[in-house]
There are 2 protein chains.
Amino acid sequence: MDKIKILVTDDHPMVLEGMQTMLSQISFVAITGLARNAYEAMELIKANSPHIVITDISMPEISGIELTEKIRKEYPEVKVIAMSTFNERSYISRMVQNGASGYILKSAGREEIEEAILTVQEGKLYMSIDLQMNQQEQQEISKTPLLTSREKEVLLLIAEGYTNPQIAAKLFVSPYTVDSHRKNLLTKFDVNNTAGLIKLAAKHGLV
Amino acid sequence: MDKIKILVTDDHPMVLEGMQTMLSQISFVAITGLARNAYEAMELIKANSPHIVITDISMPEISGIELTEKIRKEYPEVKVIAMSTFNERSYISRMVQNGASGYILKSAGREEIEEAILTVQEGKLYMSIDLQMNQQEQQEISKTPLLTSREKEVLLLIAEGYTNPQIAAKLFVSPYTVDSHRKNLLTKFDVNNTAGLIKLAAKHGLV
DNA sequence: TGATCAATCCCTGTTTCGGGGGATTTTTCT
DNA sequence: AGAAAAATCCCCCGAAACAGGGATTGATCA
C-alpha cells in the first residue's frame, strides 16, 4: 500500500514544524517536502510530485490563493488543502473557486487533518466542521458584491477619504460619473451611506 | 546549571507542536507545559512555576493580552513573551503596556526564539527585528486616539451607518451633541470625513 | 445582430456632513 | 474646593452626499 505523499507550505516555521510532527504521527502519510513560500512549493511539487499540497493562505509575495491557481493549471492531479486562521474565513469561497479540495483551520488537531487528507484523497471536498456552522455568517461572507474594476477603484479612493470631486479629478472623469459609481456601490452593498459602505468593504477585505 | 522552564500557550495545536519541536532543540530550555487556552495556562503556571510563558495573543474566550495581565498580577516573577502573526502587530503596544517582556512573530525561527528567551531571562525587553523596523508605521499604529466612552459609542453607531439625527434619537441627546462628538472623532483621528474615520477605526480594530 | 453590461455623463432636489465658532453642566480626580 | 475633562447644547454656512430620475457610448457575448 502506497503512502499519501504530502507537501506543506507555510511561511511560519512554527506551523511547518507543527505540521511535520502531526503528519509524522499518521501512518499512511509521507511528507515529501516543507516549503516556506510558493516558489519553493512549486519546485518541490516538480521534484517530488506529491498527492496533496497543504498550504497556508496568507503568505508574503504569492498568496495561497494564487498558489492554488498555479497548481490547478500546471498540476491538475494534485489536490490542494487550504489552511488558515479562524479570522481569515472570508477567503473560503475564493479558495474553493480556485480549485481547493479542502479547507482546514490552523487550530485543527491530528484527527481532523487525518480526516481531511483521507476525504480529499478520495476526490471529495473536505470542509472543517468549524467552518460549516453558522450558515448565516457564511452566506453573509460569500455575499460580497461583485464589483466592476472601476467601482473597486472608486471604492478605494472613497475609503482614502477623497470626495467625489477629488476622485473625479484623479480619474479624469466627471464628478457625475463618480457619483454614479458611488450610488452603485451603495446599492450593491445595500447600505445608505459612506460609513456603512466602508465598514462592509473593510469586513470583506476590500480596503 | 538550571534549564529555563517554559510554558507555551496557543489555541492552535499546530503551533503548539511546532513550538515544542523547536524548543526541544534548544539545550538550555525545558518545556514545562503546553496550554490550549488561558485557563490551562494559569493552572500549569501554578503547578509548574515556569520562568517564561510564551503566549499567543489572539485566543478565544481569554485573549493573550488578558492572560498577560493576569500573570503580571498573580505571578509577577514570571516573564511573558507575546506571540502573534504579522498582521496582528497593532497589539504590540497594548501587550507591552500589560507587562509583556518580549514580542515575537509566529514566523520566527529557532534562532530568534532562542535569542528572545535569553534576552527576556536577563530581564531585558525583546522585540522581534521584524517589528522594530518601520518606525513610521509603528508610530501610526500606536497613535490610536484615546476616545472617551461616549465617543466610542457614537463611533460604533456611525460605523453602523446611522446619521447624526438617528444616533441622537438612540442616545436621547440632541443632534448637536452627536455632531460635536463626530467632530471630535474627526479631529482625533485627523481625517476630514466619515470614510477616513471608519477606515482608520477598522484598522485599529474599533469597529 | 440584438441584448446586456460597464462606463460615462447629466439634472434636481433634500438631507447630512464638515468647519468654524461658543457655551453650560456634570463627572472625575487631585 | 478647585481644576480638568467629558458630555451636553447651540448657531451658521457652504460643500458634499443621498435619492430619484434619465441618457449615451462601447464592449462583450449569446
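Protein chains get the first letters and strands the later ones, always in sequence-line order, with residue 1 at the start of each.
When the side-chain nitrogen and oxygen atoms of B/N164 are compared with OP1 and OP2 of C/dC17, one or more of them lie within a distance under 4.0 Å. Between B/H181 and D/dT8 there is a side-chain N or O to OP1 or OP2 distance below 4.0 Å. Here A/N192 does not reach the OP1 or OP2 of D/dC18: none of its side-chain N or O atoms lies under 4.0 Å away. For the OP1/OP2 pair of D/dA7 and a distance below 4.0 Å, the side-chain nitrogens and oxygens of B/T177 include no atom meeting the criterion. Distances shown here put a side-chain N or O of B/Y176 below 4.0 Å from the OP1 or OP2 atom of D/dC11. Within the 4.0 Å cut-off from OP1 or OP2 of C/dA7, at least one side-chain nitrogen or oxygen of A/T148 is found.
If you check every strand for non-hydrogen atoms under 4.0 Å, A/T163 touches sugar and phosphate atoms only. Across all strands shown, B/T194 has heavy atoms under 4.0 Å from sugar-phosphate atoms exclusively, and none from any base. Across all strands, A/S174 comes closer than 4.0 Å only to sugar-phosphate atoms, never to a base (heavy-atom distances). Using a 4.0 Å heavy-atom criterion, one finds that A/S149 contacts the sugar-phosphate atoms exclusively.
The environment of A/K5 atom NZ is dense: over 12 non-hydrogen atoms of other residues, nucleotides or ligands sit within 6.0 angstrom.
One atom, NZ of B/K188, and another, P of D/dA5, lie 11 Å apart when rounded to the nearest Å. With rounding to whole Å, A/L155 atom CG is found 14 Å from D/dA17 atom P.
Side-chain atoms of A/T194 and A/R182 include a donor-acceptor pair closer than 3.5 Å. Side chains of B/Q121 and B/Y126: a donor-acceptor N/O pair is absent below 3.5 angstrom, by distance only.
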Worked check of side-chain contact (heavy atoms from CB on, under 4.5 Å) between B/E114 and B/F28 = CA-CA 9 Å; B/E114 200 172 321; B/F28 54 83; 3.5 Å; yes
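Residue-to-nucleotide proximity on DNA chain C shows that, of B/S180 and B/V191, the 5′-proximal contact is made by B/V191.
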